[in-house]
Amino acid sequence: MGESRGSISFFGTYRPPVPLGIFSCPVDPPPSSYKDELLLTDDLSYNQNGQPVPAAALKEILAFMGKKNPKVASDCGVTLEDVAKGTVTGLVFVSERDRGLETLHLALRRPATGQVVKVLSLLGDIYGVDGGVRMEDSGCIAGGFTVNGGRRTVGYSLVYVSTKEPARTRRTPWTVVYRTDLADGKTERLTPLGQYDLSPAVSPSGKMVAVANFHGNRWNGEIENLKTQIVIMNVDKRAQGSLDRKVVIKDGGWPTWGSDNIIFFHRGVDSKPPSNTAAWAVYRYDIAAGKEDWVTPAGMDAMTPAAISETRVAVAFIGEKSKQVQMQVEREESQYRHIQIFDTAMPEKPPVKITQMMRKEGDHYNPFVLDGGSRIGYHRCRTDKLLPITIKDNNGGEKKSTSIERKFDKVQSHQPDVGLFRVTGVFPSISKDGKKLAFVDNEFKAVWLADSQGGLRIVYKVRKEKSVFSTSWNQNDKLDTLYVCEGPAFTIKEPVQIMRIPDVSAPGRRRALALTDKPFNCAFPSTNADGDKLVFRSSRDRVGGERKHKNLFIIDAIKGEALGVDQLTDGPWTDTHCSWSPREGCDWIVFSSSGRPEKDVFKPADEPELDHGLDPGYFAVYLVSAKDMVKGMVPAPVRVIYSAPTIAGHINHPVFSPDMMSIVFAADLAAVSADPISMPHFTHSVRPYGDIFSVNLIDTEDDMAKNKDIQKFHRVTHSRYEYSTPTWSGRADDELDPNTKWKMLESWHDDFQPRCPYVGGQAGQKESWHMTGHLSIDKRCC
């Protein structure tokens with residue numbers, strides 16, 4: 001059948017533009033230069049969140065593989081004797097190399113040479129578990145202890161998080177902790193039904209697991225500071241009698257064991273909840289004494305601890321809050337994330353600096369302990385993977401710089417007849433015939449175009465004080481017309497114009513023509529199938545005060561406002577993210593809306609006007625028909641799907657499938673899948689959560705009302721990143737690799753240089769804001 005229903009493409013925020021690699025450094029003496037850093041993984045894919053595999057556990061893995069898959073075992077070239085001698089070690093980590101999914105892998109290494117002998121999908125290649133589309137994280141090894149007075153030995157097992165099981169309620173995490181026996185491959189769920197856990201950690205004895213458990217078994221939309229509590233439980237309920245699950249710390253996350261009695265953890269403290277700028281610190285908890293101590297000093301943010309002993313702990317810290325919002329201010333050394341070791345037994349002793357002397361102007365994430373504490377591991381961006389380019393300066397000269405490889409990443413799809421691709425560009429859109437791709441750069445300054453004729457190139461740039469966003473193709477491919485929005489991005493108070501770029505794929509830079517010329521905030525254009533009408537959202541006729549309300553309007557797709565404006569929706573709320581049906585003769589329009597009065601939506605009187613200071617929340621997807629417009633009246637829309645009726649939810653950026661049988665959108669229906677503070681962060685421009693979902697329409701021909709409040713939806717992506725702005729295009733030919741079809745890798749950069757370079761400094765070691773994977777824009781609000 002192939003990908004007969006076309007392909008979904010989307011953009012990922014918070015995912016660095018170059019791969020992540022896992023490294024380690026010595027502790028005593030600490031590293032003094034980059035030469036002291038050792039790469040623990042190979043050069044393939046994004047790799048993060050590593051943990052060592054004890055030799056005895058690695059032998060169980062290899063023994064199982066030798067029985068169940070002898071060919072794979074033979075190809076590894078590693079024996080049990082190698083492990084016993086210490087000439088081969090194992091590392092479990094998260095990698096994206098298996099069909100683009102974020103899943104657990106095992107690296108077999110020779111520590112004497114640093115050679116990575118083999119990397120295998122831990123649950124897939126070795127244990128033959130096909131979990132479908134899912135995310136796996138936080139792999140660690142448990143077991144290796146005795147019970148019944150030493151008469152029975154409990155073997156080793158892999159403890160980890162997976163999102164393979166859907167949650168029963170909307171806007172709820174799918175994160176569940178499992179245990180897979182390394183000797184026989186049998187898997188059991190450790191998280192009770194109806195509860196949701198993150199960040200498992202195994203005690204030194206291998207007997208207990210600590211997890212971050214969501215308060216009240218729910219997620220309330222926290223952006224950075226998750227409301228979790230630390231819960232501990234036994235590893236093996238059969239061998240140990242029960243799980244004996246209990247709460248030990250009421251406010252905390254990312255637990256790590258210093259001993260079977262000591263837990264270190266991090267906690268964010270909001271000064272005025274809810275907030276995106278919590279103060280973060282690492283704490284130490286004595287279970288027997290019930291005593292909690294503050295470990296890291298005030299005035300710095302410390303997170304993601306890794307315990308070395310009962311008193312020593314490695315932490316990631318940020319000395320100063322980010323100033324990225326100012327954009328003209330370069331990153332300072334104190335704003336980078338570094339690794340330090342603190343000793344609570346000697347509080348007067350300064351912390352041991354692990355990464356500052358080696359890479360002062362680079363971020364380092366999620367430390368872990370190796371070799372009994374003699375080395376500390378972490379992951380960071382592989383800035384050596386940036387591409388060298390030559391750009392023109394303002395005087396006509398040339399200078400060297402770096403850029404990223406812009407391409408499509410194929411990701412395993414939830415449906416065999418639908419392709420799935422991640423694009424390294426914001427607001428991607430594909431022409432109806434599937435032959436042209438357009439997107440915007442990370443700074444919202446240039447429009448990029450890729451096709452089979454000219455490869456990847458820039459076709460339009462805006463002036464320094466403006467931004468460009470939201471690309472959309474005219475559905476009549478003969479017109480070769482692209483629409484964009486020009487004006488401040490992610491703001492509701494300033495004018496934004498709809499711009500038309502005709503003959504956009506012709507050689508050279510193109511001229512953009514304004515379709516809207518009034519001082520309103522207009523955005524998210526979409527044409528009908530014939531290409532002669534265009535729907536968009538606008539604050540027109542509602543200017544005044546905060547300009548917080550927007551509705552949908554229709555204009556001529558060529559002449560714009562000059563031929564008149566028809567209002568499609570009306571009301572004191574926000575209608576936005578509109579997309580016209582791809583079917584000829586069909587005037588159905590799908591859009592996202594916030595604040596519409598619905599009988600089953602209840603907003604408490606004391607709830608803040610903005611959800612976490614960003615937007616009103618309560619976004620749902622609606623359908624409306626342009627054919628039902630009557631002069632002086634607007635048609636009634638039909639709500640298709642919502643996130644949650646009584647709390648701020650988000651379902652945004654809906655678009656139709658080419659056959660109009662489905663709608664794809666970005667949503668928070670699965671809450672978060674990882675602790676956001678473990679990822680790149682600073683004052684947020686967008687939300688650090690969200691995946692791509694789809695819903696199948698019940699009726700696409702006659703009765704729109706039959707599509708009201710569809711209950712069943714499909715989760716398309718499973719990720720720790722924020723995936724957003726999807727587009728769904730038809731198959732143009734039989735080529736499965738769009739990088740080849742659109743010559744994505746045959747790029748030329750002309751004289752375009754990001755205002756925020758990827759790296760700088762004398763040795764190219766200074767990582768820019770771009771390397772965090774965030775959107776780099778002036779105004780940071782939604």
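This structure is a prediction, so every number in the text was calculated from the model and none was measured. Along the sequence shown, residues are numbered consecutively beginning with 1. Scope of the values below: all heavy atoms of this structure, side chains included, with no hydrogens, waters or symmetry mates.
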Do [X] side-chain atoms and [Y] backbone N/O form a donor-acceptor pair below 3.5 Å?
X	Y	result
Thr175	Leu198	no
Thr191	Val177	yes
Thr355	Ile339	yes
Arg284	Glu310	yes
Thr87	Asp82	yes

query = Taking atom types as modelled and ignoring hydrogens, do the side chains of Tyr378 and Glu37 form a donor-acceptor contact shorter than 3.5 angstrom?
reply = yes
query = Judged by modelled atom types alone, do Arg375 and Ser24 share a side-chain donor-acceptor pair under 3.5 Å?
reply = yes
Smallest separation among heavy atoms of [X] and [Y], with atom names:
X	Y	result
Pro367	Ala306	O-CB, 3.2 Å
Ala201	Pro255	CB-O, 3.2 Å
Thr89	Gly86	CG2-O, 4.5 Å
Asn213	Arg245	ND2-NH2, 3.3 Å
Ser673	Ser719	CB-O, 3.6 Å

Quiz item: cation-pi between Lys164 and Tyr178, 6.0 Å / 45° = yes
ask   = Under the 6.0 Å and 45° cation-pi test, does Arg359 pair with Tyr34?
value = no
ask   = Within a radius of less than 6.0 Å around CE of Met357, do more than 12 heavy atoms belonging to other residues, nucleotides or ligands occur?
value = no
query = Is there a side chain to side chain donor-acceptor pair (under 3.5 Å) between Asn47 and Arg97 once you walk through the steps?
reply = CA-CA 9 Å; Asn47 306 308; Arg97 69 188 66 206; 3.0 Å; yes
inquiry  = As a quick check of understanding, evaluate salt bridge (Lys or Arg N to Asp or Glu O under 4.0 Å) for Asp251 and Arg267, giving each step before the final call.
reply    = CA-CA 7 Å; Asp251 182 11; Arg267 175 186 294 155; 3.7 Å; yes
Note: [X]-[Y] ion pair, threshold 4.0 Å (strictly below):
X	Y	result
Asp260	Lys207	no
Asp236	Arg179	yes
Glu96	Arg422	yes
Lys186	Asp181	no
Arg15	Glu102	no

task = Return the orientation label for the Trp174 and His718 ring planes: parallel under 30°, perpendicular over 60°, tilted otherwise.
result = perpendicular
ask   = Going by the angle between their ring planes, with limits at 30° and 60°, are His266 and Trp280 parallel, tilted or perpendicular?
value = perpendicular
request  = For salt bridge (Lys or Arg N to Asp or Glu O under 4.0 Å), just list the numbers for Asp137 and Arg720, CA-CA rounded to whole Å, side-chain angles, deciding distance to a tenth of an Å, and then say yes or no.
outcome  = CA-CA 9 Å; Asp137 198 11; Arg720 74 196 65 239; 3.1 Å; yes
request  = Start with the C-alpha gap between Lys291 and Asp286, add the side-chain angles, then the distance that decides, and say whether salt bridge (Lys or Arg N to Asp or Glu O under 4.0 Å) holds.
outcome  = CA-CA 5 Å; Lys291 182 183 178 183; Asp286 186 313; over 6 Å; no
ask   = Hey, mind stepping through Tyr283 and Phe265 against ring pair (Phe, Tyr, Trp, His ring centres under 6.0 Å) and telling me if it holds?
value = CA-CA 5 Å; Tyr283 298 79; Phe265 63 96; 5.5 Å; yes
ask   = Would Asp270 and Asn225 count as a side chain to side chain donor-acceptor pair (under 3.5 Å) if you check the C-alpha gap in whole Å, the side-chain angles of each, and the deciding distance to 0.1 Å?
value = CA-CA 8 Å; Asp270 293 306; Asn225 184 13; 3.1 Å; yes
task = Kindly indicate, with the supporting measurements, whether the criterion side chain to side chain donor-acceptor pair (under 3.5 Å) is fulfilled by Arg382 and Tyr46.
result = CA-CA 9 Å; Arg382 296 292 305 273; Tyr46 282 63; over 6 Å; no
